[in-house]
Peer 1: 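My questions will all concern the structure given below.
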Amino acid sequence: MPEEKRKILKNKIKEAALQIDIEELVPLYETAVKKAGTRIATAIALDVVLENKNIQPDQLAKDFIIKAADDKNELLQLEAKEIASKYNI
């Protein structure tokens, strides 16, 4: 996906994430490995929800972040590592 299109999509995900609670993301933590796009969107949304609600990641979120940081998809790794550094995971 071209960089500009990816930025636009990421901003749309962030905007939508402002309207959800962390509980709505939990089912997405176990998304199949082959669904990298869904997992990337989940990571982006998780970052927004944590920041917007001013909360710390719970154990399920931490497990998702750790697993995502070790994924073969570089974009997912990037998003997960950004969250991990913010919350010292």
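Position 1 is the first residue of the sequence; numbering continues from there.
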Peer 1: Scan side-chain atoms only and decide if Asp63 and Gln59 contain a donor-acceptor pair under the 3.5 Å cut-off.
Peer 2: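 Looking only at side-chain atoms, Gln59 and Asp63 do form a donor-acceptor pair, the distance falling under 3.5 Å.
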Peer 1: Ile44 and Lys10: which non-hydrogen atoms are nearest, and at how many Å?
Peer 2: CD1-CG, 3.7 Å
Peer 1: Examine Leu28 and Val33 and state if one hydrophobic cluster contains both, with Ile, Leu, Val, Met, Phe, Trp and Tyr joined whenever side-chain heavy atoms are less than 4.5 Å apart.
Peer 2: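 Not linked; separate clusters.
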Peer 1: Would you say that Ile8 contacts Lys12 through its side chain, given a criterion of any heavy-atom pair below 4.5 Å between the two side chains?
Peer 2: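 A side-chain contact under 4.5 Å exists here.
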Peer 1: Check whether Ile20 and Ile83 end up in the same hydrophobic cluster, where Ile, Leu, Val, Met, Phe, Trp and Tyr are linked by side-chain heavy atoms less than 4.5 Å apart.
Peer 2: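 Yes, Ile20 and Ile83 fall within the same hydrophobic cluster.
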Peer 1: Side chains of Glu15 and Val48: closer than 4.5 Å at any heavy-atom pair?
Peer 2: no
Peer 1: Which pair of non-hydrogen atoms, one from Gln77 and one from Asp70, has the smallest distance, and what is that distance?
Peer 2: NE2-C, 4.5 Å
Peer 1: Do you know the tightest heavy-atom contact between Ala80 and Ala69?
Peer 2: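 Closest pair (atom of Ala80, atom of Ala69, distance): CB-N, 3.5 Å.
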Peer 1: Any chance CD of Glu24 has more than 12 other-residue heavy atoms, nucleotides or ligands included, within less than 6.0 Å?
Peer 2: yes
Peer 1: I'd like to know if the side chain of Asp58 reaches the main chain of Leu60, judged simply by a donor and an acceptor atom lying under 3.5 Å from each other, with no hydrogens or angles considered.
Peer 2: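 Yes, because the side chain of Asp58 sits within donor-acceptor range (under 3.5 Å) of the backbone of Leu60.
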Peer 1: Given the rule in the salt bridge (charged side-chain N to carboxylate O under 4.0 Å, His left out) test, do Glu3 and Arg6 qualify, once you have shown the distances and angles that lead to the verdict?
Peer 2: CA-CA 5 Å; Glu3 180 69 21; Arg6 190 176 65 77; 2.9 Å; yes
Peer 1: State, to 0.1 Å, how close Ala45 and Ile13 come at their nearest heavy-atom pair, and which atoms those are.
Peer 2: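 Nearest pair, atom of Ala45 first, then Ile13: N-CG2, 4.2 Å.
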Peer 1: What closest approach, in Å, do Gln56 and Tyr87 show between heavy atoms, and which atom pair accounts for it?
Peer 2: OE1-CD2, 3.5 Å
Peer 1: Look only at the side chain of Glu79 and the backbone of Leu76, and say whether a donor-acceptor pair between them is shorter than 3.5 Å.
Peer 2: no
Peer 1: Measure the CG-CG distance between Asp71 and Leu78 for me, rounded to the nearest 0.5 Å.
Peer 2: 12.5 Å
Peer 1: Any idea which heavy atoms bring Val49 and Ala17 closest together, and the distance?
Peer 2: CG2-O, 3.6 Å
Peer 1: Contact between Leu46 and Ile22 at the side-chain level, heavy atoms closer than 4.5 Å - yes or no?
Peer 2: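 A side-chain contact exists here, since the closest heavy-atom pair is under 4.5 Å.
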Peer 1: Count I, L, V, M, F, W, Y as connected when their side-chain heavy atoms are under 4.5 Å apart, and connections chain through other members. Are Leu75 and Ile65 then in the same cluster?
Peer 2: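 Leu75 and Ile65: separate clusters.
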